[in-house]
J.: 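Sharing a structure here in structure tokens format.
This one's a predicted model, so the numbers in the text were calculated from it and none came from an experiment. Reminder, nothing fancy here: chain letters follow the sequence lines and each chain counts from 1.
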Amino acid sequence: MPTVGVKRDLLFKALGRSYTDEEFDELCFEFGLELDEITSEKEIISREQGDTKASGASDVILYKIDVPANRYDLLCLEGLVRGLQVFKNKCNRYQCDLPVDPMFAALHSPQTEAVRPHAVAAVLRNITFTQERYDSFIELQEKLHQNICRKRSLVAIGTHDLDTISGPFTYTAKRPGDISFKPLNQTKEYTATQLMSLYKTDSHLRHYLHIIEDKPLYPVIYDSNGVVLSMPPIINGDHSKISLKTKNVFIECTATDQTKAKTVLDMMVTMFSEYCAQPFTVEEAEVVYPDGKTCIYPELAYRKEKLSGKFINQKVGINESTEKIAHLLTRMCLLSQATGAGDEIEVEIPPTRSDIIHACDIMEDAAIAYGFNNITRTTPRTYTVANQFPLNKLTELLRQDLAAAGFTEALNFALCSQEDIAEKLGKKISEMRAVHISNPKTAEFQVARTTLLPGLLKTIAANRKMPLPLKLFEISDVVLKDETKDVGARNSRRFCAVYYNKSPGFEVIHGLLDRTMQLLEVKPARGEGYHIQTADDSTFFPGRCADIFVRGKNVGRLGVLHPDVINRFELTMPCSALEMDIEPFL
Amino acid sequence: PTAYCLASVSLYSMADTGVLETLLQRVEKVDDGVDSLAVATSLGVDHQVIVGAVKSLQALGDVISAELRSSKHWELTEEGTEIAEQGSHESRVFSCIPQEGLAQSELMKLPFGKIGFSKAMSSKWIRVDKAHEGGPRIFRTVESIDDQVREKLLLVQKGHSTQLEEKEKNELKKRKLLSEVTVKSYWITKGNSFSTTITKQETELTPEMIASGNWKEKKFKPYNFEAMGVAPDCGHLHPLMKVRTQFRQIFLEMGFTEMPTNNFIESSFWNFDSLFQPQQHPARDQHDTFFLSDPAHAHEFPQDYLERVKKVHSEGGYGSQGYKYDWKIEEAQKNILRTHTTAVSARMLYKLAQQKFTPVKYFSIDRVFRNETLDATHLAEFHQIEGVVADYGLTLGDLMGVLHQFFTKLGITKLRFKPAYNPYTEPSMEVFSYHEGLKKWVEVGNSGVFRPEMLLPMGLPEDVSVIAWGLSLERPTMIKYGINNIRELVGHKVNLQMVYDSPICRLDS
């Protein structure tokens, strides 16, 4: 969930009134925002870097507001204010018109196809920046980059002072060595190759290098005089950088996802066109594709949807008139009206609401405007008979009786290291049917466990100070590769128990097996009952290990652990253990 | 000491029967009672012997009653004891002076000389002839002396300090010959079952006593009810699993059927795509999800369903605009450790859609996995509790009503709902409950109505709504059992003592 920081007083000024912290928190809650933190720049610096660094920093109060991940229109002060104003019936719908004035062409070259195929652009004409507006403009780009743009991999935004460059612009791709320009905030020219190594150590930009690093050609935008505007998605040129004095802003978005590029461009222009000489206007740019096809951007598409009042009432569980529902939707920036044809409502979805993709999204907005907490809570009449999942039912029943047999239940992780399930048990990892994780952050998450035993031994190691004997059990799932399953793996429900004391206590573990079989109604007998018979297993002490056979099928193993295994788990006492599959008893 | 008898047995052995009976006889003779210190003095035994006898008698039941008292008491100092034996310094000075006198220098060599000389002088027992040839010489001035200091000290030593006046005692205290000490003693009176003879007490009832009936004549040592009992030798259930059992119970009481969630490995298709979670969604990032290298890919999908999922993502349909991106089968095939049990809900709903629709209520409580940054409250795996209801015409009000019933069973009645965003539910609501302790609203779960883009491609009827909610099992357990660090609860670093000591789980009390 993205967090937007806004200055409280600026926010209240724009909203036309002030709120107590509690009142504002309440308003956020209703609207689906969260007032996450009330702080100041000074407090943030002091917390992160210490009091000394914070002295002199601004102590203007900041509201940190959590915004739902799909509401790109609320990622800056301007958007938040508009959303809240409309919600509180304070102002009319935001609008944005297309001028007819000169068109700026961005020419697409075929070379970009392989690296970053899409580009869109627009111009904000005669804009007036103040420090606050400028900061918000920069901040919005950053928020969009981090969210919808997926850290610039899907879309990258470049903003330029149009008066320093001249169209038409060319979007092309070149070999890194052939691109040379003075990047933003640098004093000399670099080739793209040099830039990539320069930014290797840049705490901010290094995260974006991988997007184009291994490509033979890098994307680049030139103006008609060969001035580099930007090398997306890494850096803009210094030549065209915007400042507080900039009057005309050229916005370009390059992308691997065209839908998102259009959305991002719409967001940029809708949020900041209110500062243009003619508010809520934006100048179009024409994009010419290599095949000669042309497109005009921004699209700023308004979409009309028709739905019935009954649909909203039924889905939400309310009973409101068609007019009232239209009014509820209008408060959510969805200008709506009853068409007069029955209970039909026509809803206009503005370009700011890219999150509205289905009638259910409109329904949700009606519910939010109505107030979730004003909806009557009802009980569905759904009649059903409950069933337990048989394997879980068996597990629940067994757990109770195993605890009654004197063993204490442990609960271990399903993920562990390769070493835990192999080397430490005296086995080879290649012989395990283990599922391997490709991106573990630490060795603790290399594989899914194939046995419960290592977890129990680690539990004992972590509790060596406890009085002996330690008697532990666990009934839980392990994961095994299984070609017959659609995902190539399956869970297996296991029962494992260990006895740790000054003597191995094989008879104790054997007794627990006998008790378990008694609970499962299996009699001690070869053939139709259960029996144990000597087995070889490198985890166990030679001659002190047996397989468990139930109705002729091997379901598990018990024995005295091998001293090497005891040592590898940092234990010092003899230990006997039992592990078996419980699924055959269903 | 954990056994009830141990304390009295050991004390009993401290005093022999002789002392006990003598003490009882003393108590019998008086009406009001005796002081243990006085008894010790008169018997000529150490006070501790009498204290031991008192405790032994107390352990026998209500034979005597003993009240602890403290009294002030004068005692001779080391120097005082020496004087009581050998006489005061001045008297010793007096007695060492012969008729012909003694040179002052000689006298001063004696250990008591200096103090004794000045005291004897002020008592006018001796005189100094400073003009005597050969240096100053000391002579007796009286024939005999009365060593009152010694006599007074002897009085105190014999326990007759009351015969001295306060002033006299304070003077001796100033001379560091006497000191005042506080003494604790017992004031012993007859108890309700007073007797001068001691019957031997039995420690425990025996089968023989029951058989012969002679327990009726026996006296039994009282139990020490202050001691703890012996801990039973037993096993214990894990607290998190105890809470799981309760949540299962709640769902079963509400008529919910348990889903088979015993498949930790899931394909991205069922975990994300089927839920209409776009392929570029951050949750599908390497930083959030555990991907598998072996087996890396799932094979076998319901092919026509997969095509419908692909279409709704990339082009839309079912009334949706879709996400309009290039949906790739390769992404859907990637195997992962499931990030939520909703992947199983998706499989169950798909299965449900393949037959004639009947309303269902499902639940599950099982492990899910996140490749997240770990801290005191976050682990890479945790248990998700999930409830799902599918029926014709369910409303948002129904969802809130079901949640109200569910949370009431957990003892939570004050609920409110906040609009939220979730890729596969619309509307989505975060559930908050009022925490009386913290005096604020805290998030207790997430909920929503599954999107048509998820349900319709499965083949569910258009007028069927599916409402769902989820929460973690660990958080309510940590609150219930007062655990701050999740590692003490889950995993091998568990504190087994905590497991041994944890109470039963009643969520609504």
J.: Counting C-beta onward and ignoring hydrogens, is there a side-chain heavy-atom pair between Arg451(B) and Asp361(A) closer than 4.5 Å?
T.: yes
J.: Taking NZ, NE, NH1 and NH2 as the nitrogens, is one of them in Glu258(B) or Lys393(A) under 4.0 Å from a carboxylate oxygen of the other?
T.: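 No, Glu258(B) and Lys393(A) are not salt-bridged.
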J.: Is chain A contacted by the side chain of Val449(B), its backbone, both, or neither, given a heavy-atom distance below 4.5 Å?
T.: neither
J.: So if I take each residue of residues 312-320 of chain B and look for any heavy atom under 4.5 Å from a heavy atom in chain A, which residues do I end up with?
T.: Tyr318(B), Gly319(B), Ser320(B)
J.: If you take all heavy atoms of Arg449(A) and Arg367(B), which pair is closest and at what distance?
T.: NH2-NH2, 3.3 Å
J.: Do you know which of Arg248(B), Gln405(B), Met254(B) has the most heavy-atom pairs with chain A at a distance under 4.5 angstrom?
T.: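 If we count pairs closer than 4.5 Å to chain A, Arg248(B) comes out on top.
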J.: Could you check which of His297(B), Glu253(B), Glu266(B), His299(B) has the highest count of heavy-atom pairs closer than 4.5 Å to chain A?
T.: His299(B)
J.: Would you call Arg347(B) and Asp486(A) a salt bridge, taking side-chain N to carboxylate O under 4.0 Å as the test?
T.: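 Asp486(A) and Arg347(B): salt-bridged.
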J.: Using modelled atom types and a 3.5 Å cut-off, is there a donor and acceptor pairing between side-chain atoms of Lys361(B) and backbone atoms of Ala386(A)?
T.: no
J.: Would you mind checking which part of Asn371(B) comes under 4.5 Å of any heavy atom in chain A, side chain (CB onward), backbone (N, CA, C, O), both or neither?
T.: both
J.: What's the separation between atom CG in Asp398(B) and atom OG1 in Thr382(A), rounded to the nearest 0.5 Å?
T.: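 Spacing of CG (Asp398(B)) from OG1 (Thr382(A)) equals 7.5 Å.
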J.: What part of Leu374(B) gets within 4.5 angstrom of chain A, counting heavy atoms only: side chain, backbone, both, or neither?
T.: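 Answer is side chain: those atoms of Leu374(B) sit under 4.5 Å from chain A.
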J.: Does Glu364(A) use its side chain to pair, donor to acceptor, with the backbone of Ser428(B) at less than 3.5 Å?
T.: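 At least one qualifying donor-acceptor pair exists.
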J.: Need one label for Leu240(B): side chain, backbone, both or neither, based on atoms under 4.5 Å from any heavy atom in chain A.
T.: side chain
J.: Counting distance only, does the side-chain N/O of Asn262(B) pair as donor-acceptor with the main-chain N or O of Asn491(A) below 3.5 Å?
T.: no
J.: On a heavy-atom basis, which atom in Lys418(B) and which in Leu33(A) lie closest, and how many Å separate them?
T.: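 In terms of heavy atoms, the two residues are closest at CE-O, 3.0 Å.
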J.: I'd like to know if the side chain of Asn373(A) reaches the main chain of Phe417(B), judged simply by a donor and an acceptor atom lying under 3.5 Å from each other, with no hydrogens or angles considered.
T.: yes
J.: Non-hydrogen atoms of chain A under 4.5 Å away: do they reach the side chain of Gln333(B), the backbone, both or neither?
T.: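 Neither part.
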J.: About how many Å separate NE2 of His492(B) and SG of Cys416(A), when rounded to the nearest 0.5 Å?
T.: 10.5 Å
J.: I need the residue from Glu34(A), His358(A), Lys465(A) with the largest number of non-hydrogen atom pairs under 4.5 Å to chain B.
T.: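 Top count of heavy-atom pairs under 4.5 Å with chain B: His358(A).
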J.: Show your working on side chain to side chain contact (heavy atoms under 4.5 Å, CB included) between Tyr325(B) and Leu154(A) and close with a plain yes or no.
T.: CA-CA 11 Å; Tyr325(B) 72 99; Leu154(A) 300 183; over 6 Å; no
J.: Minimum heavy-atom separation for Phe413(A) and Val490(B), please, with both atom names.
T.: CZ-O, 3.6 Å
J.: Checking Glu409(A) side chain against His238(B) main chain: does a donor-acceptor pair fall under 3.5 Å?
T.: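 Pair found, side chain donor or acceptor close to backbone of His238(B).
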J.: Please report the interatomic distance NZ(Lys315(A)) to CG(Asp463(B)), rounded to the nearest 0.5 Å.
T.: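 The CG atom of Asp463(B) is 7.5 Å from NZ of Lys315(A), to the nearest 0.5 Å.
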J.: So, Thr408(A) side chain and His236(B) main chain: donor-acceptor pair closer than 3.5 Å or not?
T.: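 A pair under 3.5 Å: yes.
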J.: Which heavy-atom pair separates Pro427(B) from Met363(A) by the least distance, and what is that distance?
T.: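 Scanning both residues completely, I find the closest heavy atoms to be CD-CE, 3.5 Å.
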J.: Within a reach of under 6.0 Å around CD of Glu443(B), are more than 12 heavy atoms found that belong to other residues, nucleotides or ligands?
T.: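 Result for CD/Glu443(B): enclosed.
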J.: For Pro440(A) and Phe290(B), which heavy atoms make the closest approach, and how far apart are they?
T.: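 Closest pair (atom of Pro440(A), atom of Phe290(B), distance): CA-CE2, 4.5 Å.
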J.: Taking Thr384(A) for its side chain and Gly255(B) for its backbone only, find out whether a donor-acceptor pair lies under 3.5 Å.
T.: yes
J.: What residue in Pro232(B), Gly491(B), Pro359(B), Cys234(B) has the most heavy-atom pairs under 4.5 Å with chain A?
T.: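 Ranked by heavy-atom pairs under 4.5 Å with chain A, first place is Gly491(B).
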J.: Is any side-chain heavy atom of Val67(A) closer than 4.5 Å to a side-chain heavy atom of Tyr421(B)?
T.: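 They are not in side-chain contact.
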J.: Does Asp391(B) come within less than 4.0 Å of Arg381(A), counting only side-chain N to carboxylate O?
T.: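 Answer for the salt bridge query: no.
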J.: So that I know where these two stand, are Phe29(A) and Phe432(B) an aromatic pair - ring centroids less than 6.0 Å apart?
T.: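 Distance test on ring centres: under 6.0 Å, yes.
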J.: Mind checking the CZ-CG spacing from Arg244(B) to Asn392(A)? Nearest 0.5 Å is all I need.
T.: 6.5 Å
J.: Looking at Lys324(B) and Asp257(A), is there a salt bridge between them, counting it only when a charged N and a carboxylate O are closer than 4.0 Å?
T.: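 The answer is no: the pair does not qualify as a salt bridge.
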J.: Between Asn463(A) and Val494(B), what is the shortest heavy-atom contact and its length?
T.: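 Looking at all heavy atoms of both residues, the shortest contact is ND2-O, 2.9 Å.
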J.: Is the side chain of Asn387(A) donor-acceptor paired with the backbone N or O of Thr257(B) at a distance under 3.5 Å, no angle test?
T.: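 No; zero donor-acceptor contacts below 3.5 Å.
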J.: Should we count NZ of Lys485(A) as having more than 12 external heavy atoms under 6.0 Å?
T.: no
J.: Please state whether the side chain, the backbone, both or neither of Ser153(A) comes within less than 4.5 Å of a heavy atom of chain B.
T.: neither
J.: Check whether any side-chain N or O of Asp294(B) sits under 3.5 Å from a backbone N or O of His436(A) as a donor-acceptor pair, and report yes or no.
T.: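 Checking the backbone N and O of His436(A) against the side chain of Asp294(B), no donor-acceptor pair under 3.5 Å is found.
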